[in-house]
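Note sheet for the following structure.
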Number of protein chains: 2
Amino acid sequence: MPKAFAQSTESVDDYLKAIYEISGGQGKAGTSEIARRLRVAAASVTGMLRKLSTLSPPLVRYEKNRGVSLTLVGQRRAVEIIRHHRLLECFLHHALGYEWHEVHAEAERLEHFISEDFEARIAAQLGDPLYDPHGHPIPRKDGSVPRCIDTPLPGVNAGVAVRISRVSDEDPAALRLLASHGVRPNVVLHVVDKPSRRSGVVLRHASQQPFRVSAAVAARIAVEVLNPPQTATHRARKGMAQ
Amino acid sequence: MPKAFAQSTESVDDYLKAIYEISGGQGKAGTSEIARRLRVAAASVTGMLRKLSTLSPPLVRYEKNRGVSLTLVGQRRAVEIIRHHRLLECFLHHALGYEWHEVHAEAERLEHFISEDFEARIAAQLGDPLYDPHGHPIPRKDGSVPRCIDTPLPGVNAGVAVRISRVSDEDPAALRLLASHGVRPNVVLHVVDKPSRRSGVVLRHASQQPFRVSAAVAARIAVEVLNPPQTATHRARKGMAQ
DNA sequence: TACCTAATTTAGTGTAGCCTAAATCACCAT
DNA sequence: ATGGTGATTTAGGCTACACTAAATTAGGTA
């Protein structure tokens, strides 16, 4: 069996994943945003992009000063790594009892080193899950991605009911906080109030005490709007004042 | 929590483990045997040994042309990696259904990257096992190693009953073969015959057909002698002819 | 159009770990 | 004592991937 991605290293994988997440798989990504994500100097990114574009097959399309995008081969690898990451998060949570704020760091390391066999075994044991513990869709083996509604919570108006769709897995403190308020994927909440542009959101479960989450934390939450009178995004598009 | 082995890399870990296995933890190891195990050039080993001996704290004691030995810190790290490896083998076997010839390669990669937390969780889930699927003792968290009898099978006389103690995990083909004959740790067998010095060993279960294993495979098996009329080793020590 | 600023690239380095080829060392047997 | 042989080290290089500092480019604004 010819190893599918012999040219791939941990570092290369990290770049591909970052480009995928920034560009949404298709579009372009910029040097400095990649640098910010990977916590490396922008100059290092330039070097790596040049390299990735000259491999055969090339993993990215790159024209200097114009950004990068993934080739099909690059996309496949990125999606594979993301599948590893999210399956591992599920596995750590369900099979080993990790809390949802603990899974990301461990998965981030292991995603590069598990075999296809390991991947297949944990997927089977978990029943081929479609979403990870944070609500992120797990790419299927064929590369397709389960549907996932994600309206950013900060764009939702007061008075609206929402279903939590997903929460970014990268900030353990935020996850712990949200867990303590019972905020998890698929939970239904009401947006009680949005005091001001940058001071967060007040939420409440069915008929319980409301609680506030900071703007920084709210920005990490995506939701499905259940009774949509109108979202902030719609208002903005139409140039309305209130 | 100060990371205990910040200076450790995958490569460093591999050297420490090789030295540990060659030297038995205490004694010395030679450059070229390390090179052979790790499949690197002897010159590369020299360079690494010099480096490991000048870290603070040093991980090995090294005098050129006189071999290396592990320091206490080096030993602790080596034992930790071996614990990871063997716990992973157990976990892959029991929790994910890997066959015993499949576990080594996967564990060899993952042993470097699992966290202490992961280690603790799988150990707990497995009930703190003392031996891996091949019969190798799993070092305890405190560094102590469960007792393990290992008389090399090639040194055992015909006519003797033995209990399989452990089988080297590094040769998948040998493991598959042995599995097909029902040779596993703790299984009791009789040594029927040893045709000649280098032509292997004939074994048999309680009252079944005998079968032969090659000298190469026999060398990978360690046993406990159950009814010791006399082992080859004893004869050699006493200078006896038969 | 000319400029300013942020984004990006170039140039020059550094570290880790590997390699080959060419010494040198240790030890054993004569 | 000495020569040979295998083990080991030295010398010199290579690749991957990071860094800083110094150019350069893109795109918006005066």
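Chain letters run A, B, ... following the sequence lines, proteins first and then strands; every chain starts at 1.
- Regarding contacts with the backbone of C/dA16, every side-chain N or O of B/Ser11 stays at 4.0 angstrom or more from both OP1 and OP2.
- Within 4.0 Å of A/Thr46, counting heavy atoms only, lies at least one base atom of the nucleic acid.
- Taking a cutoff of 4.0 Å between a charged side-chain nitrogen and a carboxylate oxygen, A/Lys17 and A/Glu80 do not qualify as a salt bridge.
- Atom CZ of A/Arg37 is separated from atom P of D/dA18 by 17 Å (rounded to the nearest Å).
- For the pair B/Tyr62 and D/dT9, the criterion of a side-chain N or O lying under 4.0 Å from OP1 or OP2 is met.
- B/Leu49 places its CG atom 15 Å from the C1' atom of C/dA16, with the value rounded to the nearest Å.
- When heavy atoms are screened at a 4.0 angstrom cut-off, B/Ser44 is found touching base atoms of the nucleic acid.
- Both A/Lys64 and B/Ser32 sit near DNA chain D, but only B/Ser32 has its closest nucleotide nearer the 5' end.
- Rounded to whole angstrom, the span from the CD1 atom of A/Ile22 across to the C1' atom of C/dA7 amounts to 14 Å.
- Atom P of nucleotide D/dC19 and atom CZ of A/Arg39 are separated by 12 Å, given to the nearest angstrom.
- Aromatic ring centres of B/His134 and B/Trp100 lie closer together than 6.0 Å.
- Within 4.0 Å of A/Thr31, counting heavy atoms only, lie sugar-phosphate atoms of the nucleic acid but no base atom.
- Side-chain atoms of B/Val12 lie closest to C/dG17 of the nucleotides D/dT9, C/dG17, D/dC17.
- Contact check, B/Tyr15 against C/dA16: no side-chain N or O comes under 4.0 Å of OP1 or OP2.
- Across all strands shown, A/Gly47 has no heavy atoms under 4.0 Å from either base or sugar-phosphate atoms.
- Atom NZ of B/Lys28 is separated from atom P of D/dA7 by 17 Å (rounded to the nearest Å).
- To the nearest angstrom, C1' of D/dT9 lies 18 Å from NZ of B/Lys51.
- Salt bridge annotation for B/Arg37-B/Glu21: present, with a cationic side-chain nitrogen under 4.0 angstrom from a carboxylate oxygen.
- Summarising the geometry, the separation between CZ on A/Arg66 and P on C/dA7 is reported as 16 Å, rounded to the nearest angstrom.
- Salt bridge annotation for A/Glu111-A/Arg83: absent, with no cationic side-chain nitrogen under 4.0 angstrom from a carboxylate oxygen.
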* To do: Please step through salt bridge (charged side-chain N to carboxylate O under 4.0 Å, His left out) for the pair A/Arg121 and B/Glu102, ending with a clear verdict.
  => CA-CA 13 Å; A/Arg121 283 172 191 268; B/Glu102 298 174 315; 3.2 Å; yes

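- Straight-line distance from the CG atom of B/Asn65 to the C1' atom of D/dT10: 11 Å, rounded to whole Å.
- Picking from D/dT20, D/dA11, C/dG17 the nucleotide with the shortest atom distance to the side chain of B/Ala43 gives D/dA11.
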